[in-house]
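In what follows, a structure is listed as structure tokens, so that the remarks can point back to it.
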Number of protein chains: 2
Amino acid sequence: MSTALPIWNNEISSRDRILDAAETLFAKRGYSGVGLREVAEVVGLGKSSLFHHFKNKPQLYAAVCGRILRRIEESLMRTLAAGGTPVERLERWLDDLLSLLVDNPSYARVLLRSLFEDDDLAGEMPEEVEVERAIASIMGSAGALLREGMGSGAFRPANVPHTLLTLVGITVFPFASGDFGREILGGDVFAPAEVQRRKQELRDFLRSGLIARAER
Amino acid sequence: MSTALPIWNNEISSRDRILDAAETLFAKRGYSGVGLREVAEVVGLGKSSLFHHFKNKPQLYAAVCGRILRRIEESLMRTLAAGGTPVERLERWLDDLLSLLVDNPSYARVLLRSLFEDDDLAGEMPEEVEVERAIASIMGSAGALLREGMGSGAFRPANVPHTLLTLVGITVFPFASGDFGREILGGDVFAPAEVQRRKQELRDFLRSGLIARAER
DNA sequence: GTCTATAATAGGATAGAC
DNA sequence: GTCTATCCTATTATAGAC
């Protein structure tokens, strides 16, 4: 019954290798576009073996999404705990989030795709509940930061929920946009130089918007 | 052979009813999540009848996406042709785009989902080529507007491709975000009051960013 | 923990009657 | 232009041997 490995064990468990394979495939083709046969094939297992680790497909999907969201949550907590002014914390968080999305090219796509599946993650299984919890935690912390900054005058007064949607749109979307983003930019969104540029453009946009001051 | 109806005919063609049904379903469950059986059922036809109007599933999908993109293209062209300063044209365009997305709740989801399907729209069929053309046309016009505004000093100097990605992220994403957006906002993203608020928040964000001037 | 075998269903697509 | 019938393959999931 003990599936936990000793900490000095370097082997990656079957469960994690299944999650890795499923994550990549879900990013590429979405929930319905991925068959468990293909997941098993990538991992190097028989199809039926997957059901020993996850009781069905929705649970596997929720486990993939949950793992991503927990990592984002951890990153956010670490960033916020490091202190600084609200502006510093916001900019550091967005920087770290972008780094995380770039280091794990499947994340942005899996996340946005999952937001579009209103049905497929709405169950009562523990993995699905965990997804909801992580989302609420992340958005709660980000919202609190925005409110603190607006209260102290560091941020312009704005509608907090709409600002949260805006922040998700400008940070996550570009790294999920695949060929579209590549065509717009004329190069890979994940290339280091392009990532640096995106971070800079994001900071500038948050500081000044787009419209020049003379026009206001 | 003539499938074209006389202009005084009020009946909606089977082809259009198939496109309508497919659009709604693709928005809900994505390309792979929709079976042609279900599309046919919604329209009230047998599954095989669909193949008389579209030769296969990829073509139907491309036709759905193409119809949406053409409407956005038309809206953009009309807006840009109406003249005004770059700031006026940009703000009018975003306003009109949001109205279009709100009037057609499937649009945002179908569009963003299609951007995540690098494979499923990359063929050589005329419908797929048309999708590419419309995207290039829309992004070309928007990019030209940005460059014009930056040249005249109306917009802050910024990286045009990244700004395009940002604009897509802040305009389209919220209306594709479904339950997530609903939870963040505490209400329906498509409710008239919320749409008005989003338009206002968008204008403010473009004019001032998020960070207060005192902090700069 | 992984395997083979199997069940039951749904998928896209075609042929041909009407 | 729509239908029924059919083909072949893939899907999720289970049972039970090893």
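Chain A is the first sequence line, chain B the second, and so forth, proteins listed ahead of strands; every chain is numbered from 1.
The shortest distance between the side-chain N/O atoms of A/H52 and the OP1/OP2 oxygens of C/dC3 is not below 4.0 Å. For the pair A/S48 and C/dT4, the criterion of a side-chain N or O lying under 4.0 Å from OP1 or OP2 is not met. Between A/R37 and D/dT12 there is no side-chain polar atom (N or O) within less than 4.0 angstrom of OP1 or OP2.
With no hydrogens or angles considered, no side-chain donor-acceptor pair links B/Y31 and A/R29 at under 3.5 Å.
A donor N or O paired with an acceptor N or O is not found under 3.5 Å between the base of C/dG11 and the side-chain atoms of B/K57.
Between A/F26 and A/Y61, the ring-plane angle classifies as perpendicular under the 30° and 60° cut-offs. The aromatic rings of A/F116 and B/F116 sit parallel, their planes meeting at an angle under 30°, below the 60° perpendicular limit.
Atom P of nucleotide D/dA13 and atom NE2 of A/H53 are separated by 16 Å, given to the nearest angstrom. A straight line from CZ of A/F54 to C1' of D/dA13 spans 16 Å, rounded to a whole angstrom. The distance between atom CG of A/L60 and atom C1' of D/dA13, rounded to the nearest whole Å, is 14 Å. Computed from coordinates, the A/E38 CD to D/dT9 P distance equals 18 Å when rounded to whole Å. Note: OH (A/Y31) to C1' (D/dT11) measures 11 Å, nearest angstrom. Here D/dG1 presents its P atom at 11 Å from CZ of B/R15, a figure rounded to the nearest Å. Separating the CG atom of B/L25 from the P atom of C/dG11 is a distance of 11 Å, rounded to the nearest angstrom. In this entry the distance linking CD1 of B/I18 with P of D/dG1 reads 10 Å, nearest Å.
Of the listed nucleotides (D/dA13, D/dC3, C/dG12), C/dG12 has the atom at the smallest distance from the side chain of B/K47. The side chain of A/L45 approaches C/dT2 more closely than any other nucleotide in the set D/dA13, C/dT2, C/dA13. Comparing D/dA13, C/dC3, C/dG12 by their nearest atom to the side chain of A/L36 picks out D/dA13.
Among residues two or more places apart in sequence or in another chain, the side chain to side chain contact (heavy atoms under 4.5 Å, CB included) test is passed with A/S141 by A/L76, A/M77, A/L80. Listed by chain and residue number, A/I68, A/L69, A/I72 satisfy the side chain to side chain contact (heavy atoms under 4.5 Å, CB included) test with A/L111 (two or more places apart in sequence, or in another chain).
Using a 4.0 Å heavy-atom distance criterion, B/V43 is classed as making no nucleic acid contact.
Projected onto DNA chain D by closest heavy-atom contact, B/R17 and A/K55 fall at different nucleotides, the more 5' of which corresponds to B/R17.
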